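Bear in mind that the values here come from a model prediction, so they are computed numbers and not experimental data. Just so we're on the same page: letters track the sequence lines, and every chain starts at 1.
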Number of protein chains: 2
Amino acid sequence: MPDRALNSDLLRRSPFFAAAGEAAMERLLRPSFTQQLPRSTVLFDQGEVPNFLHLVLAGSVGLQARDEAGAETIVEIFGAGELFLAPAAILGLPYLASGVTLTDVRVLMIPADVFREGIAQDPALSRAMMELLARHWRLMVDQVVDLKLRPAERRVARFLARRVPEEAGAGAVDLQEPRGAIAARLGMTPETLSRTLNALEARGAIRLSAKRADVVDRALLMQTGLR
Amino acid sequence: MPDRALNSDLLRRSPFFAAAGEAAMERLLRPSFTQQLPRSTVLFDQGEVPNFLHLVLAGSVGLQARDEAGAETIVEIFGAGELFLAPAAILGLPYLASGVTLTDVRVLMIPADVFREGIAQDPALSRAMMELLARHWRLMVDQVVDLKLRPAERRVARFLARRVPEEAGAGAVDLQEPRGAIAARLGMTPETLSRTLNALEARGAIRLSAKRADVVDRALLMQTGLR
DNA sequence: GCTCCAACTTGATGTGAATCAAGCAACCGG
DNA sequence: CCGGTTGCTTGATTCACATCAAGTTGGAGC
């Protein structure tokens, strides 16, 4: 099956499975299955106990948290190749956020018990897991710093820049996920995001088209004078 | 040495060593040593490569991040019994924040290489580490939700409430660390923190004295109508 | 094609918290 | 005891961003 081959190629490339090794990958994959889901599907709900780990094969998934008043936000967006296990699976605690598809999505569903057995027995897998957790912790630290120190325009600029290959001076950034989701991830309203993107375009740093933003000048985008 | 006995008791109680087991604890502790440091000491600096893991024995330590413009904030505050290894040690990457003592502090310094060997060889330790990372990830998720959804007064209320035993209706919260540090941890200025604490006192939820806040009415403090 | 609805943008106004600017207590060394 | 520094509070003002309120655009369904 060509599709299956394509998937396993993506998996092998993912930093997680690269570190875990073929054996662990084989072991986790055997009892797993993929699912094709339309946008706005709830993968799991805040408060549930995890039965699966999710690995995004295509599209993107948002971690959506709801506070006591019912207000919602997106904590993080995970794209193709990312395993986002919500450490809930490790701790055996209820999710503290929901998983919602932000685009049409293909996900690999890995049974949580198989995974738990795996990390108990396979040191390479457990090592890979630790590295994944460490990286994810750092992502969140970075976001906290972003929210505390940087104004909206700068957050948007960084968000776009991070999606362009490091060394490239320019590149296209897909914005397939709804504006509202991106805005929530960045801690602002859709209105503010819209205005900010326009401002960056006016500055000549990006060019907007339908579902993408073309980074024209990375240096300009990241310019520190940027408010 | 009575001091040593006291420490090891604290250590045994810490969720990390409780999970890691006596053997791992013994192994990590042998090559470690403690240090007594005055307030405002830098334990390690953003950008450095980690040589030690730190376990707070007394006092509190702040994870302080600096952005490109030189502005600073406190990402998290760690208190007695907490191992805060900045996953840098696992990944072997430079710290993305500095560690600064917010009070007089006693810390246990665990050599990073001993720790790395430990997690490679001892499954119980590696398991404990994973759980620690998972818990820390959740702390950061919680903080992101806080910053995105809750106004200043509510953040302060939650911060105070989290420091009172769950089931207790009232209790004293130590505010030993400088106001500026607490404000930064909460993503606000010292001025705003000061005003907010006054507002909570006016509301009758807390009573302020020198270096502490007495939670008088936990329910009132966490009241959802609270702006 | 036209209609309807959701997603997004654009504009006008409001506001929570930052900033700016004094005060004021506690603490230190002399 | 006293001048100076440091940390905190209090008050006046400003501003970045949210909120509220129309547009506008683009599909999806018929």
Side-chain angles (χ1 to χ4, degrees), chain A residues 38-41 60 62 67 69-74 100-104 146-157 159 174-202 206-213 225-227, chain B residues 38-40 62 67 69-74 100-104 146-157 159 174-202 206-213 225-227:
Chain A
R39 167 198 275 226
S40 294
T41 310
S60 48
D67 78 352
E72 293 182 335
T73 193
I74 303 279
V100 183
T101 60
L102 303 177
T103 63
D104 290 351
D146 228 40
L147 291 167
K148 285 181 178 170
L149 296 180
R150 298 191 257 261
E153 188 164 346
R154 186 163 268 283
R155 293 205 297 276
V156 174
F159 179 80
D174 279 356
L175 301 174
Q176 301 300 337
E177 38 285 287
R179 287 287 199 270
I182 298 174
R185 158 61 244 268
L186 293 172
M188 64 190 71
T189 58
E191 292 95 320
T192 299
L193 175 59
S194 178
R195 292 185 240 267
T196 304
L197 285 171
N198 284 341
L200 289 173
E201 186 170 35
I206 63 171
R207 239 169 30 120
L208 294 169
S209 43
K211 278 285 179 188
R212 55 192 286 176
L226 203 67
R227 305 245 49 219
Chain B
R39 168 195 273 226
S40 296
D67 80 351
E72 293 183 333
T73 192
I74 303 277
V100 183
T101 59
L102 303 178
T103 62
D104 289 351
D146 229 39
L147 292 167
K148 285 181 178 171
L149 296 180
R150 299 192 256 261
E153 188 165 347
R154 185 162 268 285
R155 294 206 297 277
V156 174
F159 179 81
D174 277 355
L175 301 174
Q176 301 300 337
E177 36 288 285
R179 286 288 199 269
I182 298 174
R185 157 62 246 267
L186 293 172
M188 65 190 70
T189 58
E191 292 95 319
T192 299
L193 175 60
S194 176
R195 291 186 239 268
T196 304
L197 285 172
N198 284 341
L200 288 173
E201 186 169 36
I206 63 172
R207 240 170 31 120
L208 294 169
S209 43
K211 278 284 180 187
R212 54 192 286 177
L226 201 67
R227 305 249 45 221

Review point. Near DNA chain D, under 4.0 Å by heavy atom, which residues of residues 177-190 of chain B?
Key: B:Pro178, B:Arg179, B:Gly180
Study note, to complete from the structure: note: B:Leu147, atom CG; D:dC17, atom P; distance rounded to Å ~ 14 Å
Review point. More than 12 non-hydrogen atoms from neighbouring residues, nucleotides or ligands closer than 6.0 Å to CZ on A:Arg207, yes or no?
Key: no
Point to revise | Side-chain H-bond candidate by donor/acceptor type, A:Gln176 with A:Thr103, under 3.5 Å | key: no
Check your understanding: Taking it one step at a time, do A:Leu197 and A:Arg179 satisfy side chain to side chain contact (heavy atoms under 4.5 Å, CB included)?
Key -> CA-CA 11 Å; A:Leu197 285 171; A:Arg179 287 287 199 270; 3.9 Å; yes
Check your understanding: Of all heavy-atom pairs between B:Gly62 and B:Ile74, which one has the smallest distance, and what is that distance?
Key -> CA-CG2, 4.3 Å
Check your understanding: Does OP1 or OP2 of C:dA26 have a side-chain N or O of B:Lys211 closer than 4.0 Å?
Key -> no
Practice item. Please state how far atom CZ in A:Arg154 lies from atom P in D:dC17, giving the value in whole angstrom units. Key: 12 Å
Revision key, fill the gap. note: B:Leu193, atom CG; C:dT19, atom P; distance rounded to Å ~ 15 Å
Check: residues 183-193 of chain B side-chain donor-acceptor pairs under 3.5 Å, at least two apart:
{"residue": "B:Arg185", "atom": "NH1", "partner": "B:Glu76", "partner atom": "OE1", "Å": "3.3"}
{"residue": "B:Thr189", "atom": "OG1", "partner": "B:Thr192", "partner atom": "N", "Å": "3.3"}
{"residue": "B:Thr189", "atom": "OG1", "partner": "B:Thr192", "partner atom": "OG1", "Å": "3.1"}

Study note, to complete from the structure: NZ (B:Lys148) and CG (A:Asp67) are apart, to the nearest 0.5 Å, by 13.0 Å
Exercise for review: Could you tell me the separation between the CG atom of B:Leu197 and the C1' atom of D:dC8, rounded to a whole number of Å?
Suggested key: 11 Å
Review point. Just how large is the angle between the end axes of the helix from C:dG1-D:dC30 to C:dG30-D:dC1, five pairs per end, to 10 degrees?
Key: 40°
**Study point:** Full working for side chain to side chain contact (heavy atoms under 4.5 Å, CB included) between B:Asn198 and B:Leu208
**Key:** CA-CA 8 Å; B:Asn198 284 341; B:Leu208 294 169; 4.0 Å; yes
Check your understanding: What's the shortest heavy-atom distance between A:Ala181 and A:Leu102, and which atoms?
Key -> CB-CD2, 3.9 Å
Point to revise | B:Lys148 vs D:dA18: side-chain N/O to OP1/OP2 distance below 4.0 Å | key: no
Review point. Starting at CG of A:Leu149 and ending at P of D:dA16, how long is that distance when rounded to a whole Å?
Key: 16 Å
Check your understanding: Among the nucleotides C:dC20, C:dA17, C:dT10, which one has an atom lying closest to any side-chain atom of B:Glu191?
Key -> C:dC20
**Study point:** Straight-line distance of B:Thr196 OG1 to B:Arg154 CZ, nearest 0.5 Å
**Key:** 13.0 Å
Point to revise | For atom CD of A:Glu153 and atom P of D:dC17, their distance in whole Å | key: 9 Å
Practice item. Kindly say if B:Ser194 contacts the phosphate of D:dC8, meaning a side-chain N or O under 4.0 Å from OP1 or OP2. Key: no
Review point. Would you say a side-chain N or O of B:Asn198 is under 4.0 Å from OP1 or OP2 of D:dT9?
Key: no
Review point. On a plain distance test, is the side chain of A:Arg195 in donor-acceptor contact with the base of C:dG11 below 3.5 Å?
Key: yes
Study note, to complete from the structure: Here the distance between atom C1' of D:dT10 and atom CG of B:Leu208, to the nearest Å, is 15 Å
Review point. Roughly, in whole Å, what's the span from CG in B:Leu175 to P in D:dC8?
Key: 10 Å
